[in-house]
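The structure displayed is predicted, hence computed values, not measured ones. Whatever order the structure lists ligands and atoms in, that order sets their numbers, starting from 1.
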Amino acid sequence: MPKKKITKKKIIKTKKMGARAKTVKQAVLPLAPAIPPKPPEVPQAPRGMRDILPADEHLWHAVKKEAEELSNGFGYGFIETPILEHKALFARAVGTVTDIVQKEMYCFKDQGGDELCLRPEATAAVARAYVNHGMLNLPQPVKLWYLGPFFRRERPQAGRFRQFHQWGLEALGDSHPVLDAETISIALAFFRDLELPVKLEINSIGCSQCRASYKNELVKFYTPKQELLCDACKMRLQINPLRLLDCKEAQCELLREGAPQITDFLCEACRDHFMHVLEYLDEAGVSYNLNPYIVRGLDYYNRTVFEIFPVASDDGKQKTEDRTEGEHGGEKKEAELNEDEENPSPVLNLLSSGAQSALGGGGRYDGLIEQLGGRSTPAVGFSLGLERIISYMRSRGFSPVSGRLPRIFIAQLGDAARRKALLLWHELRKEVPAVASLSKDGLKAQLEIANRLQVRYAIIIGQKEILDKTAIIRDMEAGIQEVVDYNKIVGEIKKKLAGDA
Ligand code: AMP
């Protein structure tokens with residue numbers, strides 16, 4: 001089609017018509033008061049997901065450093081699996097009748113039609129990687145650790161987010177009970193090193209055979225009383241009776257008291273395995289509480305299962321029965337929190353309100369790798385929730401690691417000094433962390449920032465110092481200044497900081 005030619009004449013004509021139409025309208029309708037345009041809404045982080053800010057940097061740094069040191073120290077190799085996995089992986093591994101798979105996964109079909117999910121947990125992906133990379137041909141057990149974000153679309157609550165971070169270890173390829181004790185003892189060392197008092201709750205849920213007869217007994221016990229159960233537990237009785245044990249509804253907790261206990265149904269091999277785990281823990285000086293209600297909600301667990309809880313300093317010996325939480329979907333009685341509220345210590349609040357919040361948990365999953373198409377490969381592992389740990393640390397007044405904070409501020413006056421300051425900054429930061437506000441002009445403004453950052457020394461470079469090839473080192477606490485040779489600044493600063501330490 002030939003393009004219509006737009007001429008200047010036409011534009012003028014159109015403009016005139018527009019002007020005439022406006023005049024006619026204005027004559028008929030009264031002018032509406034001008035409504036100021038609504039300011040655009042400020043985007044917010046998705047519900048249940050949070051920004052991690054510099055104010056918490058020292059806490060994140062401390063937990064990550066501790067996790068890395070322990071993992072490396074015990075010979076675990078780092079693994080990073082994709083944030084996205086095929087939906088089928090979690091359905092097969094975690095179980096189709098679990099809350100995670102039924103309600104909590106973020107899934108979508110990508111442009112190629114693949115059904116993908118944001119990973120809700122790590123073990124299934126680590127087991128997949130173990131099979132995919134032929135790790136069964138490596139010397140067993142293969143020991144791996146991971147640290148990263150996970151996603152569950154849960155109801156945001158105190159200490160429960162939709163994006164959260166976990167550190168975890170997995171030891172794959174060996175069923176020896178000493179490995180259960182090893183991984184548990186490493187998890188507890190983490191808390192000991194960070195001076196966080198915790199308690200370990202442990203149980204054995206046996207193998208599929210002992211669980212089958214136990215489930216029958218549970219159903220026999222609960223069926224005549226099912227009218228007394230909460231609605232969710234009525235369903236659980238049909239599809240996953242083990243989960244009746246981690247319900248937190250008062251009427252279900254009451255009924256549970258008379259329920260048969262799994263440990264009475266363990267086959268000889270499972271009982272023997274569990275006894276050995278406990279013996280190794282005893283040998284390692286690890287204290288624990290036997291808790292028959294710890295069942296963990298995921299399908300892949302067998303034999304040893306455990307959870308770790310914070311201990312209020314004045315309440316180190318709470319009743320075992322008070323502590324079950326059911327991380328994987330047991331009815332939770334925590335105070336619901338708007339996740340926007342800055343709660344300084346959800347963990348402590350939960351403790352003081354009598355509710356509990358697991359800092360981590362784990363157990364054995366001897367059937368998972370075979371279920372994913374690999375050879376029969378026993379395995380054990382745990383994961384700890386970093387947000388809850390950080391909240392616990394904060395509540396205990398964990399102080400910043402001073403070595404990480406910048407202790408030097410570089411101030412400059414004039415453009416030549418600004419250029420020199422940038423160069424000096426690069427030289428200095430190889431030895432000590434330093435900060436500067438190079439865009440600022442006035443010395444007063446810069447020293448105010450230095451004060452706010454609580455640095456120990458400020459290095460000041462002005463026009464005179466550029467000419468003299470010197471710099472001023474100002475002791476920010478004493479207010480004393482001295483002039484030093486420019487080439488000696490780094491050495492002088494190091495000497496001063498070492499003298500302070
Ligand atoms: P799980 O993978 O469910 O066994 O969880 C292990 C640990 O991760 C828990 O004990 C919590 O500390 C933490 N965790 C699990 N789910 C969440 C969540 N939605 N928000 C924050 N932390 C979580």
### Message
Looking only at the side chains, is there a donor atom on one of Thr81 and Arg128 sitting less than 3.5 Å from an acceptor on the other?
### Response
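No, Arg128 and Thr81 have no side-chain donor paired with an acceptor closer than 3.5 Å.
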### Message
Could you tell me if Tyr293 and Glu201 have a donor-acceptor pair between their side chains, going purely by distance under 3.5 Å?
### Response
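No donor-acceptor contact under 3.5 Å links the two side chains.
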Looking only at N/O atoms, are [X] and ligand 1 under 3.5 Å apart anywhere?
| X | value |
| --- | --- |
| Phe164 | no |
| Gly361 | no |
| Leu384 | no |
| Arg296 | yes |
| Arg152 | yes |

Side chain, backbone, both or neither: which part of [X] comes within less than 4.0 Å of ligand 1 when only heavy atoms are counted?
| X | value |
| --- | --- |
| Leu359 | backbone |
| Glu121 | neither |
| Arg162 | neither |

### Query
Of Tyr146, Tyr76, Trp167, which is the lone residue that meets side-chain hydrogen bond (donor to acceptor under 3.5 Å, both in side chains) with Ser71?
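So the option named by the test is Trp167.
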[X] heavy atoms, cut-off 4.0 Å: which ligand 1 atoms fall inside?
| X | answer |
| --- | --- |
| Ala358 | 9 (C), 10 (O), 11 (C), 12 (O) |
| Gly159 | 20 (N), 21 (C), 22 (N) |
| Gln166 | 1 (P), 2 (O), 5 (O), 6 (C), 7 (C), 8 (O) |

### Message
Ring centroids only, cut at 6.0 angstrom: are Trp145 and Phe382 within range, meaning strictly under it?
### Response
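Ring-ring flag for Trp145/Phe382: false, centres at least 6.0 Å apart.
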### Query
Are Glu307 and Arg296 close enough, and set up right, to give a salt bridge (Lys or Arg N to Asp or Glu O under 4.0 Å), and what steps lead you there?
CA-CA 9 Å; Glu307 291 194 348; Arg296 314 280 287 153; 2.8 Å; yes
### Arg271 to Leu266 - nearest heavy-atom pair and separation
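That would be NH2-O, 2.9 Å.
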### Query
Considering only the SG atoms, does Cys267 lie under 2.5 Å from Cys210?
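The sulfur gammas are not closer than 2.5 Å, so no.
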### Task
Check step by step if salt bridge (Lys or Arg N to Asp or Glu O under 4.0 Å) holds for Arg394 and Asp56.
CA-CA 9 Å; Arg394 205 187 284 121; Asp56 281 341; 2.8 Å; yes
### ligand 1 contacted by Glu154 (non-hydrogen, < 4.0 Å)
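Glu154: in contact with ligand 1 (<4.0 Å).
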